[in-house]
Structures are given as structure tokens and as C-alpha cells.
Amino acid sequence: MRGFGVEKVRRSLSRGSSRRPLHRLLSYSSATRPLAPSSSSPSSTSPPSLYSFGSTRSRFLSSAPVLGSPQPSASPMGHPASPPVSVETINPKVLKCEYAVRGEVVSIAQRLQQELKENPGTHPFDEILYCNIGNPQSLGQQPITFFREVLALCDHPSILDKSETQGLFSADAIERSWQILDQIPGRATGAYSHSQGIKGLRDTIAAGIEARDGYPANPDDIFLTDGASPAVHMMMQLLIRSENDGIFCPIPQYPLYSASIALHGGTLVPYFLDEATGWGLEVSELQKQLDDARSKGITVRALVVINPGNPTGQVLSADNQREIVDFCKKEGLVLLADEVYQENIYVPDKEFHSFKKIARSMGYGDKDIPLVSFQSVSKGYYGECGKRGGYMEVTGIDASVREQIYKVASVNLCSNISGQILASLVMNPPKVGDESYESYCAERDGILSSLARRAKMLEDAFNNLEGVTCNRAEGAMYLFPRIQLPKKAIKAAEAETTAPDNFYCRRLLKSTGIVVVPGSGFGQVPGTWHFRCTILPQEDKIPAVVSRLTEFHQAFMDEFSD
């Protein structure tokens, strides 16, 4: 029957039937998938919708050639005159997109790692130390036992009823697994969920947010995502209509933001953090850059704040946060709060406050200021990067816009269920009286205290290097030291047509096996040079990192001394 149907279509096409046009024959496949996002020119009188749902006929006729129409010119051998896909013919927005933490230096590191594996002893080091990305478990951090017990039981619920399970798993992990499975359709982690995320898990996360902030949270405000990155992309897709729309981003910034703004066709509007004051965020700088952008015809839609900072590691004070909230309220900006490092605080005089908590404490209600906060299971003390779990809490946004966000989420069907479960566990870990509470606290506190010690050791090491200064590591997982490069080193970099900080990072890698990311990949004040280094190598390896780095740096400065 299937073959007969296909043959019938072919005969109809060959006869050139006017009774059943081609777009009618293909209407099912064309009409049941969403179109690509529409584009708009700066002169558009109204913003385009996220998706253009036109009639099947008009879409077909306007976007694809009809069979029998003239085809592209071909070579004498019958092949196309040029490749159908090339760098010149792909979306130029992709070419503008860059992501430094997995850029050139990392590519070189991966090649060196393969060479070490195939021919040990071919380099002056025996391993690659990846200090380029916040990927804790790849560097030996162990997952939280309670979290993994719950995930294992949810993925294989048939063992919940077995007697052996009682001896292998904690009682509260077993109980939590039953609770979660009761909320999942079909009790199957391999099933699709609601596109916004499993309702019961969103209830749990909302309760965790309320416990953290002391203000109510609505489960309907929460969208569960595959990590924080897809949530950021979703908001950029929602806010950016053309290159005339700008997004305020800190400089230095996490390159997810510059990359997503480029991919969605907007304009990055920078505001510079003040390195001299510990990477402070000055509202006067925001106002200056906002006025400048508006004078150039840019409509600034949103302000991105990363707190604790990435790559800079600072933690904003509550007073500074209040200034930022007032600024967004006054200027009509959406506040995009990247709060994925909220657990990573290493100094006693700083603490994390969510922007939602700050806004509510100032008397701003749900409808007074549009605020989107991002959280991820990849960071904190849990470091579950590969599980791809996270969420965004969307408040102060009209219900009609919320429907559009949900529509975009629906296009992706749903986020992965393991990540959804982990997000709920992160926001609702074991409590006092639970069997796992003491072991959970020991694992959590052990990881965080070790990270604090590692941060301090690396901070001190950088500040002991000639020509290097490094601000205090208050939070997150990174240090962003500034390096005064000799003029000869800058000229050598120019000869290799690369940025001076990239030149330094490549030389560091090839001499020591240490992978760091040049500051030019994050943005920096022109004429200054930095690199980002994670604090994630295991604590017993930090002395070796410091030793290798110190030896290399001294040799580098001697070689290129002015």
C-alpha cells in the first residue's frame, strides 16, 4: 500500500495534474512542522513573530523551487558548479559566533593529549590540565551520592521493590524516588514530559526558591531546560528582532552571551566592569553606555548581570544590586540574571542574594519589573554538567508573551528528564532528620571548602608572578588575572597574527600542558591582557599547576624582556 501511494504521487506529478497541485500533495509534511524564525529589516514597522505560520501553499511557493523549474547551473560532468554548502553560503550569523572556552587553545590541547597517548614522553609534561572550562567532574570531582542514588532508582524503578535495594540505597533516596516517579507520566524517565517541565518538579523548585528568598514563587513561572544555556538562547530569540536590538552585557563576559546575541542577529552593548574596584559594576557606566547605544539607534532590550561573576569571580553587594534593579526599572529593561554560581561563595564578607529577592525587598511586585533568573545543575558543589539540567524563572512578563515562550519550549518538546530531576534535587536536598543529611552535608561542605582553598592558592600564585595582578576570588569557579606583556611578546604575537594573550596561552600550553583561556575571548578593556583559569584541578594537583606556571612565566618574561 505504501509503494502504491508513492507511485500514485509520481504519476500525478508526471502528468502535470492541475487538479492536485504539488503543494496539496505535500501539505501534510509542510504543515506539521514549524517554519524557521523569520527575519526583519531595521526598517520594519512592527516586530516579527517568533515563527511565521503562513499557509502551506504560500510557504511552499515562496521558499522552494517547483519541480520542473530551472535548476542551478552544472559542470560538464553533471555536478553542481560549486559546493551546495560552503563557508560563503552558510548563515553569516554563525560565522560571527565565537565561543572561546572551547576555542583554538583547547583544540591544540586535544591534539597534544592524543600525541601523549600515542607517544608518551614526546612533550615536556605527562598530562593536559584543563583549566579552561567549569567542568568539575572531568577533573575528578565526585558527584553527590544522594543525587545519584535518586537518579539511579528513577531510571530503573523495578529495583525499588527488591529487598537488596534497602541495603544499597538510603531510605530517603528510596522515598524521594517514589515521590518523583509518581509525578512522571508513566513513571518512565524515557518519556516526554510537559514542555515546561514536570509539574511536580516545578512545584518542588518553586518551594526551594521560596525557602531561599523568603518570597513566594509560582511553579508556572518556571521553565525547565537542558542547562542554563538553552534558556539564555530562548530569551535572546524572544527579545532580538533585528540588529537594531541591543543586549547589555558585562565586559568581561561569559561568551555564551556574545555568541547567542550574534546567532540571533542582535547587537551586544558592552558595559565595562571596573577591575580596580574588584570588578565593580557602576551604574554610571551603565548610563553612559546606554545613552551611547541609543544615540546610534540601538534599542537596548535587556541587561545581563552575572552574579557571582564569570570570568571575574566577584560577588555583588546587596546595595549594588538595588542600584541595578532601580536602573532597569527606570530605563524599561528586562533584567537577565545569570545566577548559576549561587552556591560558590568563598569569602566570609560576601553572600549571594538573588535579584528576585532584592527586587521584592524593594517593594517591586511581580508586575513591576521583568526579571528572568537562570540556574543550572552544572555548577555549584554538584557539578553535574553532563546531565544538562537547569531552569529559568520568568517573572514580570505579560501572559501573552509567556505563551510565546511556551510555544518555543514546545518546539523542543521538553528538556531531558534526568536534568529535570536533578534541578529539583538541587533546590530540595536532604533535610535535618533524613538518613542522607549528614553525608550530604559532608560532601557539599568538603567540595566548597576545597574550592575556597584552591581559589586562594591560585590567587596568591598569580599575584607572585612578575607583571601579573589578580583580584580576590570571591565566588564562581574562576580567576581572571591581568598580565603586563612585554613589548617584544606583543610584537611576536603580531608576527603570528594572533592576540598577545592568546600567544601567551598557547606558549603556556605547549610548555606545561596547562589549558587556560585568553581574556580576548571574554572581552577586556583595550590595551589590557588577561586569561581565565578555573580553580577546578584537584587540590593535590594545585601545587604542580603553580610550579609549572611559575617556571614557565619566568622563562617567558626572560625571553621577551624589553
Side-chain angles (χ1 to χ4, degrees), residues 143-157 160 169-213 215-231 339-343 354 356 373-395 409 412-437 439-441 443-444:
I144 300 297
T145 302
F146 175 80
F147 294 172
R148 285 302 182 89
E149 285 187 348
V150 174
L151 284 177
L153 291 168
C154 287
D155 276 337
H156 197 29
L160 278 165
F169 294 85
S170 59
D172 52 335
I174 293 171
E175 177 61 26
R176 186 72 68 89
S177 301
W178 278 119
Q179 293 172 4
I180 290 172
L181 286 168
D182 285 342
Q183 298 165 351
I184 298 176
R187 291 187 171 183
T189 57
Y192 289 135
S193 77
H194 187 283
S195 294
Q196 201 168 333
I198 295 166
K199 175 60 165 60
L201 300 183
R202 287 188 282 122
D203 290 339
T204 299
I205 291 169
I209 293 171
E210 185 169 337
R212 181 195 68 192
D213 294 342
Y215 294 93
N218 184 347
D220 291 336
D221 291 340
I222 295 166
F223 289 78
L224 289 166
T225 54
D226 288 328
S229 298
E339 299 176 336
V340 303
Y341 297 100
Q342 58 190 258
E343 302 280 356
S354 75
K356 182 186 170 188
S373 57
F374 305 104
Q375 169 64 315
S376 171
V377 306
S378 300
K379 310 305 176 186
Y381 56 87
Y382 17 91
E384 294 279 11
C385 302
K387 296 299 183 183
R388 308 310 301 134
Y391 67 82
M392 62 179 178
E393 184 185 17
V394 180
T395 59
N412 295 320
L413 296 176
C414 71
S415 58
N416 81 87
I417 304 301
S418 293
Q420 292 190 35
I421 293 171
L422 265 171
S424 76
L425 296 174
V426 163
M427 298 307 291
N428 184 27
K431 302 293 191 295
V432 175
D434 292 340
E435 181 182 331
S436 297
Y437 179 71
S439 60
Y440 158 77
C441 289
E443 291 175 1
R444 178 198 64 192

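What you see is a predicted model; the values in this text were computed from it and never measured.
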- prompt: Which is it for Met392 and Ile222 under the side-chain contact (heavy atoms from CB on, under 4.5 Å) test, yes or no, and what are the steps along the way?
  reply: CA-CA 6 Å; Met392 62 179 178; Ile222 295 166; over 6 Å; no
- request: Decide side chain to side chain donor-acceptor pair (under 3.5 Å) for Arg388 and Ser378; before the verdict, give the C-alpha distance in whole Å, the side-chain angles of both, and the deciding distance to 0.1 Å.
  value: CA-CA 7 Å; Arg388 308 310 301 134; Ser378 300; 3.2 Å; yes
Worked check of side chain to side chain donor-acceptor pair (under 3.5 Å) between Ser170 and Glu435: CA-CA 6 Å; Ser170 59; Glu435 181 182 331; 5.1 Å; no
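Using a 4.5 Å heavy-atom cutoff, the side chains of Ile180 and Leu425 are in contact. Between Val426 and Phe147, some side-chain heavy-atom pair lies under the 4.5 Å cut-off. A heavy-atom distance below 4.5 Å is not found between the side chains of Ser439 and Thr145. The side-chain heavy atoms of Leu422 and Tyr382, taken from C-beta on, include no pair separated by under 4.5 Å.
The closest donor-acceptor contact from the side chain of Glu149 to the backbone of Ile174 lies at 3.5 Å or more, if one exists at all. Side chain of Asp203 to main chain of Pro219: no donor-acceptor pair is present (N/O by atom type, distance under 3.5 Å, no hydrogens or angles). The closest donor-acceptor contact from the side chain of Asp434 to the backbone of Ser436 lies at 3.5 Å or more, if one exists at all. Within the 3.5 Å criterion, the main-chain N or O of Asp220 finds a donor-acceptor partner in the side chain of Gln196. Under the 3.5 Å distance criterion, the side-chain polar atoms of Lys199 are left unmatched by any main-chain donor or acceptor of Gly197. Under a 3.5 Å cut-off, the side chain of Asp213 and the backbone N or O of Tyr215 do not form any donor-acceptor pair.
If you take CG on Leu153 and CZ on Phe169, they are separated by 4.5 Å, rounding to the nearest 0.5 Å. To the nearest 0.5 Å, the span separating CD1 on Ile209 from CZ on Arg202 amounts to 11.5 Å. In this structure, the separation between CD on Glu393 and CD on Glu339 is 9.0 Å, given to the nearest 0.5 Å. Taken to the nearest 0.5 Å, the NZ atom of Lys356 stands 6.5 Å off from the CG atom of Asp221. Between Lys387 atom NZ and Leu151 atom CG the span is 6.0 Å, to the nearest 0.5 Å. One distance of note links CZ of Arg212 with CD of Gln342; it measures 4.5 Å at 0.5 Å rounding.
Closest approach of Ser415 and Leu224 over heavy atoms only: OG-O, 3.3 Å. Nearest heavy atom pair, residue Pro143 against residue Glu384, reads CB-OE2, 3.5 Å. The nearest pair of heavy atoms linking Glu443 to Ile144 is OE1-CA, 3.4 Å. Here the closest heavy-atom approach between residue Leu181 and residue Pro157 is recorded as CD1-CB, 3.6 Å. Nearest heavy-atom pair across Gln183 and Ile198 is O-CG2, 3.3 Å. Considering all non-hydrogen atoms of both residues, Val340 and Ala228 come closest at CG1-CB, 3.9 Å.
The residues Arg176 and Asp172 are annotated as not salt-bridged, no charged nitrogen and carboxylate oxygen being separated by less than 4.0 angstrom.
The one candidate from Leu201, Asp226, Thr225 that meets the side chain to side chain contact (heavy atoms under 4.5 Å, CB included) condition with Gln420 is Leu201.
Ring geometry for Tyr381 against Tyr440 counts as perpendicular: the plane angle is over 60°, on a 0 to 90° scale with 30° as the lower cut.
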